[in-house]
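After the structure tokens below, expect a handful of questions from me.
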Amino acid sequence: MNRATQPEIVFVRGRGAYLWDAEGNRYIDYHAGFAPHFLGHNDPYVTEAVIRGLREDASLYGSGTTVQEGRLAELICEHVPAVDSVQFLNTGSEATYQAIRLARAVTGNDHVINMQGGYNGWHNDVSNNLMTPLAQLGPRRAGGEYPYHPISAGVPLSHQRLVHAVNFNDLAGVEHVCQQYGVAALITEPILQNIGIVHPEPGYLEGLRTLADKYKFLLIFDEVKTGFRHALGGCSSLFNVRPDLMAFGKALANGYPIAALGGKKEYMDRFVDPDPARRVLLAGTYNSHPVPTLAAIATIERLLMNDGEVYRHTEKLGARMQAGLEAVAQELDIEATVARQGSAFCLYFMDHRPKDWHDLAEHHAFAADDRMRAALIERGVYPFPLATKQWSISAAHTEADIDTTLEQVAAVLLILEGVPLRRVAAG
Ligand SMILES: Cc1ncc(COP(=O)(O)O)c(C=O)c1O
């Protein structure tokens with residue numbers, strides 16, 4: 001369902017920065033398969049590592065540990081300062097599910113805090129309050145929590161009562177919930193990246209750390225989307241805030257299905273506790289499957305090459321895109337703001353960078369954003385076809401790709417209906 005497009009497109013190939021559909025049309029891809037393809041589609045180095053492993057009879061053994069999984073764990077523990085110990089799963093949702101279960105086991109509490117406008121997977125603890133329409137959201141709840149808005153049918157009422165959504169960048173909201181309930185965990189993306197790019201305000205992530213220590217809940221950074229794309233050490237290294245647990249996925253293996261849950265050893269050891277009453281069950285037939293594990297090792301090797309050349313290249317392209325979009329908006333007198341972190345960005349039709357979902361829901365021109373994306377797809381540029389969603393640049397993109405994209409954005413915005421124009425201050 002979340003892959004449905006209108007009109008329908010059937011893709012048949014992906015290589016580097018490009019996708020091809022069944023009719024032979026080529027697109028410059030910014031959707032990146034929901035963002036994992038940080039190196040581009042079918043990166044040759046990663047592909048070769050996987051093929052070599054299969055030729056050498058790497059298989060799924062289902063018993064014991066494997067050399068590849070040990071190597072991947074070493075790489076992650078070495079390069080992600082907040083990770084002492086790590087376990088591998090198949091999807092980001094599994095990692096966030098296990099993180100919350102572990103937090104409940106450690107704290108003995110049941111309640112969970114998440115973000116209005118955050119996405120942490122499909123399971124019962126987190127399938128709520130994503131892009132809640134303003135009419136349902138009601139007035140801003142500064143220092144409070146929002147009513148529960150499910151994004152899935154079938155979440156038991158008893159479970160819904162355990163989940164509390166607050167505004168991102170609102171420490172008072174977190175404290176408000178902690179004063180009423182026994183909180184096991186707060187889970188958040190360090191930058192909200194399922195509604196574009198919404199940055200933490202200075203001091204916010206540090207404030208979450210302080211509240212976690214005060215109220216004794218586990219702070220979980222969901223770095224499924226931010227991890228490895230913004231820095232090898234994740235956002236926790238960029239912002240220098242140490243969470244208790246971190247979930248990774250997506251860019252970790254450049255599109256192959258693997259996720260990781262890591263963090264402080266004292267908590268991670270619960271997965272291997274000799275006492276069955278304390279042990280947290282972590283199981284999965286395909287955990288540490290050799291194909292995605294080899295892909296993850298090769299991806300990290302690529303990210304390390306030439307002293308982080310991939311990060312320098314994608315930052316340069318991101319800056320070029322941002323400057324180009326700002327120039328187009330200026331030229332056409334459009335009310336627009338670009339929010340960006342390295343290779344990930346979003347163009348919002350509003351006069352400031354959003355600080356949370358409520359701000360966005362109130363000020364962004366959603367219909368124009370949807371129309372812009374649809375028009376770009378017709379012109380061979382493929383963003384995620386839904387308003388406010390992140391655009392993802394990869395290491396395979398070139399300056400020429402960025403310039404072609406900017407030309408197409410300018411052509412579309414010139415004729416697009418409903419784009420807000422800059423308000424000229426009354427003299
Ligand atoms: C921040 C974040 N967390 C968790 C998930 C869930 O990951 P998966 O789709 O691999 O289950 C996603 C997926 O988009 C995500 O963006």
Side-chain angles (χ1 to χ4, degrees), residues 1-4 30-38 87-103 112-131 151-152 163 165 168 185-200 205 208 219-231 234-236 238-239 243 245-263 282 284 286-289 291-293 295-296 299 341-346 356-357 383-386 388-392:
M1 175 55 204
N2 68 345
R3 284 188 281 121
Y30 293 95
H31 180 17
F34 293 112
H37 293 291
F38 182 43
Q87 292 278 353
F88 298 112
L89 304 122
N90 307 289
T91 66
S93 297
E94 289 171 59
T96 58
Y97 180 95
Q98 288 290 356
I100 292 172
R101 180 190 257 180
L102 176 57
V112 170
I113 301 175
N114 60 19
M115 296 297 148
Q116 175 68 58
Y119 181 69
N120 311 111
W122 45 251
H123 50 90
N124 285 352
D125 285 313
V126 292
S127 39
N128 62 290
N129 294 67
L130 179 52
M131 299 166 74
I151 57 170
S152 169
V163 179
F168 193 62
L186 179 146
I187 184 163
T188 185
E189 302 163 76
I191 302 172
L192 290 191
Q193 285 192 200
N194 279 277
I195 51 170
I197 303 289
V198 178
H199 278 107
L205 297 178
L208 291 181
L219 178 60
I220 304 169
F221 278 1
D222 176 351
E223 298 236 28
V224 168
K225 211 158 184 186
T226 54
F228 297 93
R229 179 171 279 277
H230 299 327
C235 278
S236 82
L238 283 181
F239 294 114
L245 299 172
M246 296 165 90
F248 297 100
K250 302 213 188 235
L252 166 60
N254 200 48
Y256 285 82
I258 187 168
L261 171 61
L282 188 143
Y286 297 111
N287 291 353
S288 294
H289 188 285
V291 167
T293 308
T299 300
Q341 180 71 37
S343 61
F345 68 96
C346 192
D356 55 33
W357 171 252
F384 192 141
L386 183 65
T388 78
K389 289 297 185 181
Q390 169 184 321
W391 297 58
S392 304

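Counting begins at 1 with the first residue of the sequence. Counting starts at 1 for both ligands and their atoms, following the listed order.
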(request) Please report the C-alpha distance between N114 and N128 in whole Å, then the side-chain angles of each, then the deciding distance to 0.1 Å, and finally whether the side-chain hydrogen bond (donor to acceptor under 3.5 Å, both in side chains) criterion is met. (result) CA-CA 9 Å; N114 60 19; N128 62 290; 2.8 Å; yes
(request) Check each of F34, W391, F345 against F384 using the ring-ring contact (aromatic ring centres under 6.0 Å, His included) test, and report the only one that passes. (result)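 The residue from F34, W391, F345 that satisfies ring-ring contact (aromatic ring centres under 6.0 Å, His included) with F384 turns out to be F34.
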(request) Could you tell me whether the side chain of M131 reaches within less than 4.5 Å of the side chain of W357, counting heavy atoms only? (result)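 Yes. Closest side-chain heavy atoms under 4.5 Å.
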(request) Using a 4.5 Å cut-off on heavy atoms from C-beta on, say whether the side chain of Y119 contacts that of I151. (result)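 The answer is yes, as the side chains (C-beta and beyond) meet within the 4.5 Å cut-off.
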(request) Run through ligand 1 for me and note each protein residue having a heavy atom under 4.0 Å from it, chain first, then residue number. (result)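 Within 4.0 Å of ligand 1, protein side: T91, G92, S93, Y119, N120, G121, E189, N194, D222, V224, K225, K250.
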(message) For a quick test of reading the model, state the closest non-hydrogen atom pair linking A344 to Q193 and the distance between them.
(response)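 That closest heavy-atom pairing would be CB-NE2, 4.2 Å.
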(message) Using only atom types and a distance under 3.5 Å, with no angle test, would you say the side chain of T96 pairs donor to acceptor with the backbone of N120?
(response)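 Side chain of T96 to backbone of N120, a donor-acceptor pair under 3.5 Å: yes, one is there.
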